[in-house]
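Values in this document were obtained by computation on a predicted structure and should not be read as measured data. Each chain gets a letter, A, B and so on, in the order its sequence line appears, and its residues count up from 1.
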Number of protein chains: 2
Amino acid sequence: MLGESLDPKIAFGKALRRLRKQAGFTQEQLALEADIRRTYVSLIELGQNQPTITVIFRLAKALRCLPSDLIIETEKECWLQ
Amino acid sequence: MLGESLDPKIAFGKALRRLRKQAGFTQEQLALEADIRRTYVSLIELGQNQPTITVIFRLAKALRCLPSDLIIETEKECWLQ
DNA sequence: CTGTAGACTGCAGTCGACA
DNA sequence: TTGTCGACTGCAGTCTACA
């Protein structure tokens with residue numbers, strides 16, 4: 001059977017970390033560009049906090065991608081495996 | 001010049017209302033399927049509250065669409081005008 | 001059918017410091 | 001470079017009730 005679908009907040013954290021590294025950013029650089037705190041980026045990536053839509057848009061802008069791209073990557077983490 | 005980009009939480013509310021009506025749901029039916037409160041759906045659609053990623057995923061499931069589709073519609077409200 | 005209102009609980013998000 | 005910890009503020013999200 002196919003694996004259980006992953007909690008969206010866990011999946012988002014994994015997707016964010018993957019995209020951040022692809023972009024060659026540290027958590028600190030990403031936080032700076034997204035205007036949020038570095039410690040909060042850490043919590044999100046670890047799936048210990050879930051972002052609101054405003055934060056999702058800020059992170060996408062900082063990563064120079066569309067918010068929908070971030071969500072598409074999250075869906076992959078959620079459902080592909 | 002192009003119009004100011006709309007606040008994501010306002011844009012999300014507009015997109016949600018549009019998709020909900022397209023699906024032929026009332027706020028109450030949507031809330032029931034998404035397992036959130038009807039009054040909260042109202043607040044989101046009016047842009048008075050912004051959802052977390054968990055709520056975005058629940059709403060998309062209830063609307064039988066992908067979370068990324070919901071965000072794509074939000075981007076349209078944000079940037080196309 | 002939808003908006004609103006008040007009061008409430010838990011967590012999103014901040015801040016500073018240290019391993 | 002990232003995780004963690006404690007303490008904090010504001011808001012996400014609930015509940016009930018009424019226009």
Side-chain angles (χ1 to χ4, degrees), chain A residues 5-65 67-68 70-71 73-75 77-78, chain B residues 5-65 67-68 70-71 73-75 77-78:
Chain A
S5 106
L6 210 56
D7 183 343
K9 92 174 157 192
I10 303 291
F12 185 88
K14 290 184 155 193
L16 179 62
R17 173 159 293 184
R18 192 155 41 78
L19 291 177
R20 172 177 65 80
K21 294 200 166 170
Q22 267 178 28
F25 284 118
T26 64
Q27 288 182 350
E28 182 133 29
Q29 291 169 327
L30 176 59
L32 186 66
E33 298 229 9
D35 192 30
I36 62 184
R37 302 319 124 200
R38 182 194 62 79
T39 50
Y40 189 52
V41 172
S42 176
L43 291 173
I44 292 175
E45 286 190 358
L46 295 171
Q48 293 176 16
N49 277 55
Q50 61 169 332
T52 56
I53 193 165
T54 294
V55 168
I56 293 171
F57 269 64
R58 285 196 196 158
L59 289 169
K61 185 175 183 184
L63 289 170
R64 278 98 173 158
C65 73
S68 51
L70 236 178
I71 301 303
E73 296 307 311
T74 302
E75 290 164 354
E77 295 289 344
C78 241
Chain B
S5 104
L6 209 56
D7 182 343
K9 91 175 157 190
I10 303 291
F12 184 88
K14 290 185 155 191
L16 179 62
R17 173 159 294 184
R18 192 154 43 75
L19 290 177
R20 173 177 64 80
K21 294 199 167 171
Q22 267 177 28
F25 284 119
T26 64
Q27 287 182 349
E28 182 134 29
Q29 291 170 327
L30 175 60
L32 185 67
E33 298 230 9
D35 193 29
I36 62 182
R37 303 317 124 200
R38 183 195 59 79
T39 50
Y40 189 53
V41 171
S42 175
L43 291 173
I44 292 176
E45 285 190 358
L46 296 170
Q48 293 177 15
N49 277 55
Q50 62 168 333
T52 57
I53 193 165
T54 294
V55 168
I56 293 171
F57 269 63
R58 286 194 193 158
L59 288 169
K61 185 174 183 185
L63 289 170
R64 277 97 173 159
C65 73
S68 51
L70 236 178
I71 301 302
E73 296 306 311
T74 302
E75 288 164 355
E77 295 289 343
C78 239

Does [X] reach the side chain of [Y], with side-chain heavy atoms less than 4.5 Å apart?
X      : Y      : result
R58(A) : E33(A) : no
L19(A) : L59(A) : no
L30(B) : I36(B) : no

Can you measure [X] atom [atom1] to [N] atom [atom2] for me and round it to whole angstrom units?
X      : N       : atom1 : atom2 : value
I53(B) : dC11(D) : CD1   : C1'   : 18 Å
I36(A) : dG13(C) : CD1   : C1'   : 9 Å
R17(B) : dG3(C)  : CZ    : C1'   : 9 Å
L32(A) : dT14(C) : CG    : P     : 13 Å
I44(B) : dA12(D) : CD1   : P     : 9 Å
F25(B) : dC1(C)  : CZ    : P     : 13 Å
E28(B) : dT2(C)  : CD    : C1'   : 10 Å
L46(A) : dG13(C) : CG    : C1'   : 15 Å

Contact class for [X] vs. all strands (heavy atom < 4.0 Å): base, sugar-phosphate, or nothing?
X      : answer
V55(A) : sugar-phosphate
Q48(B) : sugar-phosphate
L43(B) : nothing
Q50(B) : sugar-phosphate
R58(B) : nothing

(message) Closest-nucleotide mapping onto DNA chain D: is P51(B) or T39(B) further toward the 5' terminus? I mean the 5' end.
(response)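 On the 5' side of the pair lies P51(B).
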(request) Look up atom CD in E28(A) and atom OG in S42(A), then write down how far apart they are to the nearest 0.5 Å. (result)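 Answer for the CD-OG pair, E28(A) versus S42(A), is 12.0 Å.
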(request) Kindly compute the distance separating NZ (K61(A)) from CZ (R64(A)), expressed to the nearest 0.5 Å. (result)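 That separation rounds to 10.0 Å.
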Among the nucleotides [options], which one has an atom lying closest to any side-chain atom of [X]?
X      : options                   : result
T52(B) : dT2(D), dG3(C), dA12(D)   : dA12(D)
S42(A) : dT4(D), dA12(D), dT14(D)  : dT4(D)
Q27(B) : dT4(C), dA12(C), dT2(C)   : dT2(C)
Y40(B) : dG13(C), dT14(D), dG16(C) : dT14(D)

(message) Would you say R38(A) places a side-chain N or O within less than 4.0 Å of OP1 or OP2 belonging to dG13(C)?
(response)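 False: R38(A) side-chain N/O out of range (4.0 Å or more) of dG13(C) OP1/OP2.
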(message) Below the 4.0 Å mark, does dA12(C) have OP1 or OP2 next to a side-chain nitrogen or oxygen of N49(A)?
(response)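 Yes, such a contact exists.
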(request) Quickly, which of N49(A), L6(A), I56(A) forms a side-chain contact (heavy atoms from CB on, under 4.5 Å) with F12(A)? Name it, please. (result)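 Result: among N49(A), L6(A), I56(A), I56(A) is the only option passing the side-chain contact (heavy atoms from CB on, under 4.5 Å) with F12(A).
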(message) Quiz question: going by heavy-atom distance under 3.5 Å, is there a donor-acceptor pair between the base of dG16(C) and the side chain of R37(A)?
(response)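 Under the 3.5 Å cut-off, the side chain and the base do not form any donor-acceptor pair.
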